[in-house]
Novice: 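Below are the structure tokens for one structure; questions will follow.
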Amino acid sequence: MHFRRAMIAGLALVGLQAVSYGAQNASAGSSQGSAIAEIQSLIRSRQYDQALALTGADLEKTSSDYRLWTLQGIALSLKGDRSRALTSFDKALHLSPSYTPALKGEVQILFQSGDKRAIQLLERILQADPHDLTAHEMLATLERRSGNCTAANEHFQLAADAINTHPGSLEAFGYCLVETKQFDRAVPVFEQLASLLPDRSYPKYDLAVVQVWAKQYENAIKTLEPLLSDDQKDPDILSLASQAYEASKDTPRAVALLRQAIVLSPKTPDYYAAFASLCLEHDSFQVGIDMMNVGLKYIPNDPSLYLSRGLLYVELAQFKQAEADFGKVEKLASFQSLGSYALDLTEVQRNDPEQALARVRLQLKSHPDDPLLNYFLSQSLMNQSPDVESEAFREAKRAALTAAREKPDYVPVHDLLASIYMHSGQYSRAIDECHEALRYDPSDEAATYHLLISLKHSGQTEELDALSKRLAQLHRESLQRENQRKSFRLIEENPASSPASTDTNAHSP
């Protein structure tokens, strides 16, 4: 049912129930009871202007009747005047804070606009009736929109079977279960969504994604098989199927599907990274390098491709080429670790590096020991590839040391110092910085490949094999996290899939 029509139906039902309640509590022949019954009839026949005229006249006589204020709110809502409707419901609730029809009428309006004030009203409704399934469903939906998936999961669970015919709620519940890493519980939710929308491909895709994360690879393949037609043009579906087939030990099929995905979308770096991971896993290093070379022709400035190719070079003991690629990674991805800090500087750095340097120097005059400003200064200078004997190089080193002193647990500055020491041939100091970074973050890829290269230059070859395997494993784990972050498909939430739009009894008292 279309959201607008469903909302009208829901609010009209609230009105009927409210009037019914009033009639039951008015004495027979009471003029007030008759007026309420007449307003009820007018609303039922969609004569909203007449209902409002009669309600207004009665309120002039009896302004303390919360039922009349509620009916006025309903009529205004049905006319589309939400602002005045909210005022009427507020007046009703001021007179009778627990009056359920007014609570539900106001919730309908606030919910439709995603207003967080609906949360408190829904909680009040549930205090009065803990078994109101629709209220649980609506509250869960709002909690999900607010990013509170733990609370959303609780209320979706309490809504029970009420959500089984509501695609939007099923999708939101599944999403929150995924967000809270409850993959096994998410699978049946997406199975229900897929059965509810058999002609849509995205529920099957999302189901397969969750099945892969839950390590139900054979089930994921069965889910995806109907989508793997010869004319399939969605590279994400092909890439996901490749993951499932590889996990099921069908590497030839996995490679074929991934190649097909790359052909369809040659500028998507994730597909190349996945291909490199397959090559690392199956000792096909040169094949992987060749594919990375192809990818770099399409996306020449993507750090993930240089990182993948560097890892493949390491496996072939081509350390010089690996070191060059890792250096490219550092330059291309140098400011990702800043997060939200100094994002304006980062943006300026992309467009005008000299202006960025001038701004950071100006800020350092007031905050000379600020660790992140010093890090930004050092990384900016190193991005210019200064000569090791230059003042710029020495300044970069001083700034990095200041940042490390002021914030010793900031892993990126240790990665940067390791790179600085490597540039000046101080490999023992670079090794120390790598160990310091790995002490704080054992999964730091930059520190691991810095360590590998520094040990190689120092002639310490005993750890190289273990480090190369560790680096490949870290890369696979990083790729898996990135796939989890990117591959899940949710349709944009729209009011038409809300519980209010699919249940005309949603707000009957």
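Bear in mind that the values here come from a model prediction, so they are computed numbers and not experimental data. Nothing fancy with the numbering, it's 1 onward along the sequence.
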Novice: Is there a side-chain contact (heavy atoms from CB on, under 4.5 Å) between Gln157 and Arg185? Walk through the geometry before answering.
Specialist: CA-CA 11 Å; Gln157 190 68 35; Arg185 288 186 62 200; 2.5 Å; yes
Novice: Between the side chains of Asp132 and Lys104, is the shortest nitrogen-to-carboxylate-oxygen separation below 4.0 Å, so that they form an ion pair?
Specialist: yes
Novice: For a quick test of reading the model, state the closest non-hydrogen atom pair linking Pro235 to Ser265 and the distance between them.
Specialist: CG-CB, 3.9 Å
Novice: Does the salt bridge (charged side-chain N to carboxylate O under 4.0 Å, His left out) test come out yes or no for Glu436 and Arg439, once each step is laid out?
Specialist: CA-CA 5 Å; Glu436 190 69 8; Arg439 183 167 71 88; 2.7 Å; yes
Novice: Taking the side chain as C-beta and beyond, is there a heavy-atom pair between Pro97 and Arg124 under 4.5 Å?
Specialist: yes
Novice: When rounded to the nearest 0.5 angstrom, what is the spacing between CG in Leu103 and CD in Gln120?
Specialist: 11.5 Å
Novice: Within the structure provided, determine whether Leu158 and Leu133 are in side-chain contact (heavy-atom separation under 4.5 Å).
Specialist: no
Novice: Between Ser88 and Gln72, do the side chains contain a donor N or O and an acceptor N or O under 3.5 Å apart?
Specialist: yes
Novice: Check this for me: Arg476, atom CZ, are more than 12 non-hydrogen atoms of other residues, nucleotides or ligands nearer than 6.0 Å?
Specialist: yes
Novice: Hey, is CD on Gln473 packed in by over 12 heavy atoms from elsewhere, all under 6.0 Å?
Specialist: yes
Novice: With a 3.5 Å cut-off and no angle check, do the side chains of Tyr271 and Asp236 form a donor-acceptor pair?
Specialist: yes
Novice: Can you tell if the side chain of Leu381 reaches within under 4.5 Å of the side chain of Leu357, non-hydrogen atoms only?
Specialist: yes
Novice: So which atom in Ile125 and which in Ala135 form the shortest heavy-atom distance, rounded to 0.1 Å?
Specialist: CG2-CB, 4.1 Å
Novice: Between atom CZ of Phe111 and atom CD1 of Ile119, what is the distance when rounded to the nearest 0.5 Å?
Specialist: 10.5 Å
Novice: Distance alone, cut at 3.5 Å: any donor-acceptor contact between the side chains of Glu137 and His166?
Specialist: yes
Novice: If only side-chain N and O atoms count, and only distance matters, is there a donor-acceptor pair under 3.5 Å linking Thr268 with Asp270?
Specialist: no
Novice: Rounded to the nearest 0.5 Å, how far apart are CG of Asn164 and CG of Leu193?
Specialist: 11.0 Å
Novice: For the pair Tyr175 and Leu170, evaluate side-chain contact (heavy atoms from CB on, under 4.5 Å) and give the outcome as yes or no after the intermediate values.
Specialist: CA-CA 8 Å; Tyr175 172 86; Leu170 286 167; over 6 Å; no
Novice: Taking C-beta and beyond as the side chain, do Tyr272 and Ser304 meet within less than 4.5 Å on heavy atoms?
Specialist: no
Novice: To check you understand the geometry: which heavy-atom pair defines the closest contact between Thr70 and Ala102, and what is its length?
Specialist: OG1-CB, 3.5 Å
Novice: Using a distance-only test with no angle check, is there a side-chain donor-acceptor pair under 3.5 angstrom linking Ser308 and His475?
Specialist: yes
Novice: With a 4.5 Å limit on heavy-atom distance, are the side chains of Glu154 and Asn148 in contact?
Specialist: no
Novice: With a 4.5 Å cut-off on side-chain heavy atoms, are Glu191 and Gln211 touching?
Specialist: yes
Novice: Do any N or O atoms from the side chain of Ser195 and from the backbone of Gln192 form a donor-acceptor pair under 3.5 angstrom?
Specialist: yes
Novice: CG/Asn374 to CG/Leu401 distance, rounded to the nearest 0.5 angstrom?
Specialist: 10.0 Å
Novice: Measure the CG-SG distance between Asn153 and Cys176 for me, rounded to the nearest 0.5 Å.
Specialist: 5.0 Å
Novice: Looking at every non-hydrogen atom in both residues, tell me the closest pair between Ser443 and Leu474 and how far apart they are.
Specialist: CA-CD2, 3.5 Å
Novice: Go through the steps for Ser201 and Asp234 under the test side-chain contact (heavy atoms from CB on, under 4.5 Å), then give the verdict.
Specialist: CA-CA 10 Å; Ser201 63; Asp234 188 332; 5.8 Å; no
Novice: Specify the closest pair of heavy atoms between Pro226 and Thr223, including all atoms of both residues, with the distance to one decimal.
Specialist: CD-O, 3.3 Å
Novice: Measure up the Tyr440 and His414 rings against each other and bin them: parallel (under 30°), tilted (30 to 60°), perpendicular (over 60°).
Specialist: parallel
Novice: Could you grab the distance from atom CG of Leu240 to atom OH of Tyr205, nearest 0.5 Å is fine?
Specialist: 5.0 Å
Novice: Start with the C-alpha gap between Asp302 and Lys267, add the side-chain angles, then the distance that decides, and say whether salt bridge (charged side-chain N to carboxylate O under 4.0 Å, His left out) holds.
Specialist: CA-CA 10 Å; Asp302 189 277; Lys267 292 187 177 181; over 6 Å; no
Novice: If we only count heavy atoms from C-beta on, is the Phe89 to Trp69 side-chain gap below 4.5 Å?
Specialist: no
Novice: Using side-chain heavy atoms (C-beta onward) and a distance below 4.5 Å, is Lys79 in contact with Asp49?
Specialist: yes
Novice: Do Ser77 and Arg82 pass the side-chain contact (heavy atoms from CB on, under 4.5 Å) test, and can you show the C-alpha distance, the side-chain angles, and the key distance before you say yes or no?
Specialist: CA-CA 5 Å; Ser77 296; Arg82 297 175 189 171; 5.8 Å; no
Novice: Could you report the tightest heavy-atom contact between Leu305 and Pro269, atom names first, then the distance?
Specialist: CD1-CB, 3.7 Å
Novice: Report yes or no: does Thr87 contribute a side-chain atom to a donor-acceptor pair with the main-chain N or O of Ser83 at less than 3.5 Å?
Specialist: yes
